[in-house]
Amino acid sequence: QPDTWGDDLSGARPALVRANNEQATTTGLTIGSDGLVRIAALVPADHVGRHLGVVDVGFAFTETFGPPFLAEAVPSSEAEAAIYALRDGQLAPPVANYSGSRLDKAAVEEALSGKVVRRDVEVDGIHYSVRAQPLYGVSGEPVAVLAVSVARSEQIARANHELLITLGTGLGVLLISTVIGLLVTAK
């Protein structure tokens, strides 16, 4: 209500305009003017049948709030989660329950196109399997990307160890078979 409050949000907040025009509750993700991913609920308010406007309730995934939320949402000690978004066409630092980044701009853009993206990456000597998928906003368009990472270094080490045991056992069997074969043919 620019006449009452003096701020015209129609250009910056299309979901707010839609909730106001349709007088219907709208929930989902938005990107705030600060570029942060936000969870929003836009709820129409009326009095005695007269529409007054929309109450906007929500919070942003900030560096302070995001990591504890993601740690609760992805409680496994084996998995880590991050929310990625583009700000002014640039890949913003992820809000994550870990430090660093597991995805590059190309992977985030691919997920923002509506695709599920899978990557195997190595960060600081640790191998990760990453699954990234779009998070849809109140408008129905992808606005951010949720990436879940699982460290695979232990799995790779275990597989390499098992491979060495298999090769060692195979060589041992081959050596014993060769010795037995030589002993049998020597007589």
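In this text the structure is predicted, and so the values were computed from the model without any measurement.
In this structure, the separation between OG1 on Thr169 and CG on Leu164 is 10.5 Å, given to the nearest 0.5 Å. Here the CG-OG1 distance, from Asp56 to Thr30, works out to 7.5 Å after rounding to the nearest 0.5 Å. Residue Ile176 holds its CD1 atom at 11.0 Å from CG of Leu171, rounded to the nearest 0.5 Å. In this structure, Leu42 CG and Leu16 CG are separated by 6.0 Å, a value rounded to the nearest 0.5 Å.
Both Tyr128 and Val108 are part of a single hydrophobic cluster, where members link through side-chain heavy atoms under 4.5 Å apart. Two different hydrophobic clusters hold Val17 and Val54 under the rule that ILVMFWY side chains link at heavy-atom gaps under 4.5 Å.
Minimum interatomic distance between Asp46 and His51 (heavy atoms only, all atoms of both residues): CB-CA, 4.0 Å. Thr26 and Ala19 make their closest contact through OG1-CB, 3.7 Å (heavy atoms, listed as atom of the first residue, atom of the second, distance). Taking all atoms of both residues into account, the shortest heavy-atom contact from Ala107 to Leu103 is CB-CD2, 3.9 Å. In terms of heavy-atom proximity, Ile126 sits nearest to Ala151 at CG2-CB, 4.2 Å. Between Gly53 and Asn20, the closest heavy-atom pair is CA-OD1, 3.5 Å.
Grouped by direct or indirect side-chain proximity (heavy atoms under 4.5 Å, Ile/Leu/Val/Met/Phe/Trp/Tyr only), Val57 sits with Val55.
Here the rule is side chain to side chain contact (heavy atoms under 4.5 Å, CB included) with Ile39, and of Thr27, Leu29, Leu135 only Leu29 fits it.
A donor-acceptor pair under 3.5 Å links the side-chain atoms of Tyr84 to the main chain of Arg102, judged by distance alone.
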Side-chain atoms of residues 110-122: list all donor-acceptor pairs with protein atoms under 3.5 Å, sequence neighbours left out, distances to 0.1 Å.
from   : atom 1 : to     : atom 2 : distance (Å)
Glu110 : OE1    : Arg119 : NH2    : 3.2
Ser113 : OG     : Glu110 : O      : 2.5
Asp120 : OD1    : Ser129 : OG     : 3.0

